[in-house]
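Computed from a predicted structure; not experimentally measured. Residue numbers count from 1 along this sequence.
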Amino acid sequence: IEYPHNLNRWNRFSITAINMQELWERRHTTAIGGYDVGILATEDEFVYLCQHNVKKGFVRLYRFLDLAEIIRSAKPDWEKVVKRAREWKLSRVVWINCFALNVLLGETVPSNTMQALGLPRFVEIALRRCFSLQLILHDPNPALRTIESSRATNLRKQLLIHLALINSRNWYNLAMT
């Protein structure tokens with residue numbers, strides 16, 4: 001069980017507008033091992049995992065499988081997902097995760113949801129061009145990787161993360177690292 005810390009921060013920057021009080025008010029509880037444990041609402045969990053995935057740099061396939069399992073088992077209300085993504089300034093983050101899910105697993109996220117996230121066309125094109133399955137499905141054998149390919153993959157990953165996290169309210173605070 002992962003305890004969601006301040007979801008509005010990334011490194012030293014304020015990147016989202018999540019109302020933590022509302023987040024906790026929407027949670028529900030379930031019994032695990034005889035203890036009542038708070039669980040985020042399905043749509044909140046989906047958007048949170050999308051943000052977490054981008055902040056961690058798309059380096060683990062299991063994060064996409066977690067998102068796919070939420071879709072399969074909990075059937076999120078896509079209108080609420082879009083609403084939360086917009087409210088929390090995470091439309092790009094949710095879009096790139098949904099795009100990746102559709103690339104990896106076929107039409108997992110409905111096309112009308114992708115359109116409803118409402119990215120400017122140039123942002124959508126930039127995210128599509130930066131995304132690569134190699135970011136998720138990299139070769140785990142270091143002997144087969146070259147320094148140049150590793151640097152190129154890392155640069156592409158950093159660019160994708162920054163494109164996804166930057167919005168009109170915080171772009172001036174972020175610097176490429």
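N97 contributes atom CG, which lies 4.5 Å from atom CG of N53 (distance to the nearest 0.5 angstrom). Put simply, CZ on R27 and CD on E45 are 13.5 Å apart, with the number rounded to the nearest 0.5 Å. Between atom CD of residue E22 and atom CG of residue D44 there is a gap of 9.0 Å, rounded to the nearest 0.5 Å. In this structure, T29 OG1 and I39 CD1 are separated by 8.5 Å, a value rounded to the nearest 0.5 Å. The distance from atom CG of N19 to atom CD of E25, rounded to the nearest 0.5 Å, is 7.5 Å. Here CG of L127 is found 9.0 Å from CZ of F99. Values are rounded to the nearest 0.5 Å.
Taking the side chain as every heavy atom from C-beta outward, L23 and M20 approach each other to under 4.5 Å. Considering only heavy atoms from C-beta on, L40 stays 4.5 Å or farther from F46 through its side chain. Taking 4.5 Å as the limit, some side-chain heavy atom of W88 sits within range of a side-chain heavy atom of V47. The side-chain heavy atoms of R92 and V54, taken from C-beta on, include no pair separated by under 4.5 Å.
Listed here is the closest heavy atom pair of V94 and A85: CG2-CB, 3.8 Å. The two atoms that bring V109 and N102 nearest to each other are N-OD1, 2.8 Å, heavy atoms only. Minimum interatomic distance between A68 and L105 (heavy atoms only, all atoms of both residues): CB-CD1, 3.5 Å. D77 and E43 get closest at one heavy-atom pair: N-OE2, 2.8 Å.
Within 6.0 Å of atom CD in E79, 12 or fewer heavy atoms from other residues, nucleotides or ligands are found, so the atom counts as exposed in its surroundings.
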- [ ] Kindly indicate, with the supporting measurements, whether the criterion salt bridge (Lys or Arg N to Asp or Glu O under 4.0 Å) is fulfilled by R84 and E87.
- [x] CA-CA 5 Å; R84 299 277 195 289; E87 286 174 358; 5.0 Å; no
Task: Derivation of the side chain to side chain contact (heavy atoms under 4.5 Å, CB included) call for W78 and I71 - done: CA-CA 10 Å; W78 292 111; I71 293 168; 3.7 Å; yes
TODO: Check step by step if side chain to side chain contact (heavy atoms under 4.5 Å, CB included) holds for R128 and W95.
DONE: CA-CA 10 Å; R128 282 179 187 268; W95 187 93; 3.6 Å; yes
Task: side chain to side chain contact (heavy atoms under 4.5 Å, CB included) evaluation trace for L61 with L104 - done: CA-CA 10 Å; L61 181 60; L104 289 166; 4.1 Å; yes
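Residue C50 forms a side-chain contact (heavy atoms from CB on, under 4.5 Å) with just one option from V81, L67, I96, and that option is L67.
A donor-acceptor pair under 3.5 Å is absent between the side-chain atoms of R86 and the main chain of K83, judged by distance alone. Checked by atom type and distance alone, the side chain of T113 never pairs as donor or acceptor with a backbone atom of S111 at under 3.5 Å. Side chain of Q51 to backbone of V93: no donor-acceptor contact under 3.5 angstrom is found.
The existence of a salt bridge linking R121 and E124 is confirmed by a sub-4.0 Å separation between a basic side-chain nitrogen and an acidic carboxylate oxygen.
In this structure, F64 is not a member of the same hydrophobic cluster as Y62, with clusters built from ILVMFWY side-chain heavy atoms closer than 4.5 Å.
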